[in-house]
Every structure is written in C-alpha cells, then in structure tokens.
Enquirer: 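Below is one structure. I have some questions about it.
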Amino acid sequence: GAVVSQHPSRVICKSGTSVKIECRSLDFQATTMFWYRQFPKQSLMLMATSNEGSKATYEQGVEKDKFLINHASLTLSTLTVTSAHPEDSSFYICSARDGAGGGTDTQYFGPGTRLTVL
Amino acid sequence: AQTVTQSQPEMSVQEAETVTLSCTYDTSESDYYLFWYKQPPSRQMILVIRQEAYKQQNATENRFSVNFQKAAKSFSLKISDSQLGDAAMYFCAYRSAEEPNFGNEKLTFGTGTRLTIIP
C-alpha cells in the first residue's frame, strides 16, 4: 500500500514556541490530506481537511490561527502549532488520500507525531 | 451528522480462536463506505478492511471478514484464527460517498475496541 511519512516522530518544546509537523505522501499524489489529534486511549479527532493549493477546512472548535495548515504541493502538508502550550500536548496524525476523490480511493495514515509542550 | 458507536471498549480472545468486534452507526445517507482500522502499539493506523454500502456481499481479507447489515446499521468485524500480532486498538469508521461531500469525505471514527490476544 501507499506510504505516508511524518516528521518529526517526537518533539518536545517549551511553552510559547511554535512547532511544525510535516506530512508527506511518498509514492502517490495526495490532493487531500487530513490532520487528526488523538489523546491517550481515545479515538482520532479530525482537526482539519487540507486541499492542495487552497485553504484548509477546519472542524468546529479548532482554532485555525493556532493550528496553521499549509498544503503547498501534492505530496506535502504541514501543521504548525503556534505558541504551543501544555494543553496542546497530544499525538498528531496525518492521513493522505490517493486519487482525486471517489469510491476507489483510500486514506493512508502517517505514523504520528507526539508533541510534548513543557 | 453521522455517528459511529463501538460498544466494546475491550475484548480478549485466545490465540487461534475467533473474535467478533461490534460497530453500529447512524446515518441518513444511503451511499457510504465503512472501514475497520487497526492501531497497534506503534500507533500506526492500518486499514484492515473496507465495505461499500451498495454492495450486499460482505468484504473479506484473509482472516478478516465483516458482517454488514445495512438495515440494522451494523458493521461487525470477525477475526478468525487470532494471532498475537492482531493485538491492537480497532477503530470502526464511516465515510460519506454522497454529493456534495463527495470530494472531501472525512472519516468519522468510533471510540475503538482494545483487543488482547491470550497466548
């Protein structure tokens, strides 16, 4: 199957700093990427949907100015957590969908990034 | 809005035995997709199986099969000949396939079932 990578896998930062997480589709073009957040022992919560070349669509309750998403190419989307605080500590997962939409495409998930804000 | 419910927070099964994980969903749509994803301790989400709602035939992938009951809005996962590597968190997920959402479908996940394999 298709491979999605995330970098970094772990990051520890001080409160008030910004952190950028990269999500790449390695062997396919992804017009749409999704960013999820997962708290310990909980399900995945969709934060935003990212389309190449356009603004991301954020889910209700997700601050777009705090979680900046850039989908600059068909293989790369970035999530920047601005002015991070301890409550932003979580596991962030991206997924990428192969194909331009439709029934045959599948979402492939990255390995996740664990963010710890001190 | 669609909802996905997994009523079994934890399940355990003896190695080589069969286990069934439950999932129900609520939707007013007639065209959609259902998925089972596995999340092992590595936290990497892995697609186990998918089902198109318009197909009456239940999907199967080797030891994994589903029992899709559209009228009952039920989508259970059966794992046969359970192996130690099957130990993971299993998430049921729903995705719309209807316009106008067709181009940007998002997955709605259940709360997950933690499966333990007993050697």
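Please read all numbers here as calculations on a predicted model, not as lab measurements.
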Enquirer: Pick one of side chain, backbone, both or neither for L44(A), based on which atoms fall under 4.5 Å of a heavy atom in chain B.
Expert: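 For L44(A), heavy atoms of backbone and side chain both lie under 4.5 Å from chain B.
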
Enquirer: Once salt bridge (charged side-chain N to carboxylate O under 4.0 Å, His left out) is applied, what residue pairs with a partner in residues 107-119 of chain B remain, sequence neighbours excluded?
Expert: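 Salt bridge (charged side-chain N to carboxylate O under 4.0 Å, His left out) check on residues 107-119 of chain B returns no pairs.
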
Enquirer: Regarding Q39(B) and Q38(A), do their side chains bring together a donor and an acceptor under 3.5 Å, going by distance alone?
Expert: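 Short answer, yes.
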
Enquirer: Non-hydrogen atoms of chain A under 4.5 Å away: do they reach the side chain of Q6(B), the backbone, both or neither?
Expert: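 Neither part.
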
Enquirer: Near H85(A) NE2, under 6.0 Å, is it more than 12 heavy atoms from other residues, nucleotides or ligands?
Expert: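 Result for NE2/H85(A): enclosed.
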
Enquirer: Examine whether an atom of F109(B) lies under 4.5 Å from a heavy atom of chain A, and if so say whether it belongs to the side chain, the backbone or both; otherwise answer neither.
Expert: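 Both the backbone and the side chain of F109(B) come within 4.5 Å of chain A.
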
Enquirer: Checking an interface table here. Which of residues 40-47 of chain B come within a heavy-atom distance under 4.5 Å of chain A?
Expert: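 Near chain A, by residue number: S42(B), R43(B), Q44(B), M45(B), L47(B).
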
Enquirer: If the condition is side-chain hydrogen bond (donor to acceptor under 3.5 Å, both in side chains), which residues does E59(A) pass it with, not counting sequence neighbours?
Expert: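 In terms of side-chain hydrogen bond (donor to acceptor under 3.5 Å, both in side chains), with neighbours along the sequence ignored, E59(A) is linked to K106(B).
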
Enquirer: Could you work out the complete set of other residues in the hydrophobic cluster of V13(B), with links drawn between I, L, V, M, F, W and Y side chains under 4.5 Å apart?
Expert: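 So far as hydrophobic clustering goes, V13(B) is joined with V4(B), M11(B), V19(B), L21(B), Y25(B), Y32(B), L34(B), W36(B), V48(B), I49(B), F64(B), V66(B), F68(B), F75(B), L77(B), I79(B), L84(B), Y90(B), Y94(B), L115(B), I117(B).
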
Enquirer: Would you check if there is a donor-acceptor pair between the side chains of E29(B) and S96(B) at a distance under 3.5 Å?
Expert: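 Side chains of S96(B) and E29(B): pair found under 3.5 Å.
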
Enquirer: How about NZ on K66(A), more than 12 heavy atoms from neighbouring residues, nucleotides or ligands closer than 6.0 Å, or not?
Expert: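 Correct, the count exceeds 12.
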
